[in-house]
Number of protein chains: 2
Amino acid sequence: MNEMTKARTYSISDLAREFDITTRTIRFYEEAGMLEPERNGQTRIYSDEDRVKLKLILRGKRLGFSLAESRELIEMYDPTSDNAKQLHALRAKIQQSRVALEQQLADIQVMQNELDAAEERCQEALRELES
Amino acid sequence: MNEMTKARTYSISDLAREFDITTRTIRFYEEAGMLEPERNGQTRIYSDEDRVKLKLILRGKRLGFSLAESRELIEMYDPTSDNAKQLHALRAKIQQSRVALEQQLADIQVMQNELDAAEERCQEALRELES
DNA sequence: AGTTACCTTTACGTTAACGTCAACTTGAGC
DNA sequence: GCTCAAGTTGACGTTAACGTAAAGGTAACT
């Protein structure tokens, strides 16, 4: 942390507002071991790093991941791995995630096509009503 | 249904095996009003149409949709809409789905980039161990 | 000193999406 | 006629991811 890194901090309700979630949710993620904010007395103080983790969790949610899955993904980001076994396990997980994401990509593309078709039918039905 | 349409049927465990889910799950989807198989006495008999619906539900699950959301998506497929108001509501839903899907697409692409970076770091760490 | 606005912990409640028995029926094969 | 696999209907249990209320602390205005 040199003099250039701003080292911003956030209160729990700052983050709650920004991401449109409740403070309860944020505390719940901490209970689940996914966040470990500093404390000023009792009060939680969140860093930019905490904020990024929260973003990752919420992105995971949007993609339908459980908290456990999101935690695994987040753990991929720290290079704390010290032995080769861990690293190979990590690569396996990364590969797994890739496969899952490509399945999702395929699902989304199929679905987009189907939405196109659905809208076609919808417009067609509207044209009939007007005629 | 002309003489060319095969009109295959499936037992509950046929579908359970094919999609790797339990029969309880399939009955649950019926309770939730998402499937209405024929009956032979007590026994449920599933058509190709039921099978397609099940596929849609499961794809929805992979994309993180709730059953309620999947149901809405499925309802987009039948052109039972009779008045313009319904049709406009349908188009709104289709548009909503599109937005959600594009958010997911963006999330996935960001995530894929991050996985690339994570794998890079992982391989780098492995190279260091070997040196 | 009182009110307001946040923050805290503790703890019980809720909803979705099934899991897991238990007790029964039903058709196929021996 | 017996067994056995596969089906059925309840009905209660479970887990994840929070919601919600109770009871209280703290710092800043007024």
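Just so it is clear, the values below take in all heavy atoms, side chains as well, and ignore hydrogens, waters and symmetry mates. Note on naming: letters A, B, ... go to the chains in the order of the sequence lines (proteins, then strands), and numbering restarts at 1 for each one.
Atom CD1 in A:Ile45 sits about 13 Å away from atom C1' in D:dA27, given to the nearest Å. Rounded to an integer number of Å, the gap from B:Arg27 CZ to C:dA16 C1' is 19 Å. A:Glu31 has its CD atom 14 Å from the P atom of C:dC12, to the nearest Å. Here the P atom of nucleotide C:dT25 and the CD atom of B:Gln42 are 9 Å apart, to the nearest Å. One can place CG of B:Leu35 at 14 Å from P of C:dA17, the figure rounded to the nearest angstrom. The distance between atom CD of B:Glu30 and atom P of D:dG7, rounded to the nearest whole Å, is 14 Å. B:Ile57 places its CD1 atom 14 Å from the C1' atom of C:dA16, with the value rounded to the nearest Å. In this structure, CZ of B:Phe28 is placed 18 Å from C1' of D:dT8, rounded to the nearest angstrom.
The side-chain contact (heavy atoms from CB on, under 4.5 Å) test applied to B:Thr9 returns B:Ile45, not counting sequence neighbours. With sequence neighbours excluded, no residue forms a side-chain contact (heavy atoms from CB on, under 4.5 Å) with A:Thr43. B:Glu128 is linked by a salt bridge (Lys or Arg N to Asp or Glu O under 4.0 Å) to nothing, counting only residues two or more places apart in sequence or in another chain. Residues forming a side-chain contact (heavy atoms from CB on, under 4.5 Å) with B:Gln96 (at least two apart in sequence, or on another chain): none. Listed by chain and number, the residues in a side-chain hydrogen bond (donor to acceptor under 3.5 Å, both in side chains) with A:Gln123 amount to none (sequence neighbours excluded). With sequence neighbours left out, the side-chain hydrogen bond (donor to acceptor under 3.5 Å, both in side chains) criterion links B:Arg59 to A:Glu114.
If you check C:dT8, C:dC18, D:dC18 against the side chain of A:Ile12, the one that comes closest is C:dT8. Comparing atom distances between the A:Arg39 side chain and each of D:dG7, C:dC18, C:dT8 picks out C:dT8 as nearest.
Taking a cutoff of 4.0 Å between a charged side-chain nitrogen and a carboxylate oxygen, B:Glu124 and B:Arg127 qualify as a salt bridge.
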Please tabulate the protein-to-nucleotide N/O contacts below 3.5 Å involving nucleotides 19-21 of chain C, giving atom names and distances.
from, atom 1, to, atom 2, distance (Å)
C:dG19, OP2, B:Thr22, OG1, 2.7
C:dG19, OP2, B:Thr25, OG1, 3.2
C:dG19, N7, B:Arg24, NE, 3.4
C:dG19, O6, B:Arg24, NH2, 3.2
C:dT20, O4, B:Arg24, NE, 3.1

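Residue B:Tyr29 has no polar side-chain atom (N or O) positioned under 4.0 Å from OP1 or OP2 of C:dA17. Taking side-chain N and O atoms only, A:Thr23 has no distance below 4.0 Å to OP1 or OP2 of C:dC7. Remark: B:Ser13 is in phosphate contact with D:dG7, judged by side-chain N or O atoms under 4.0 Å from OP1 or OP2. Residue A:Thr43 places none of its side-chain N or O atoms closer than 4.0 Å to OP1 or OP2 of C:dC6.
Expressed to the nearest 0.5 Å, how far CG of B:Leu67 lies from CE of B:Met34 amounts to 5.5 Å.
Residues from residues 61-73 of chain B with heavy atoms under 4.0 angstrom of DNA chain D: there are none.
Under the salt bridge (Lys or Arg N to Asp or Glu O under 4.0 Å) criterion, the residue pairs touching residues 100-110 of chain A are A:Asp107-B:Arg62, with sequence neighbours excluded.
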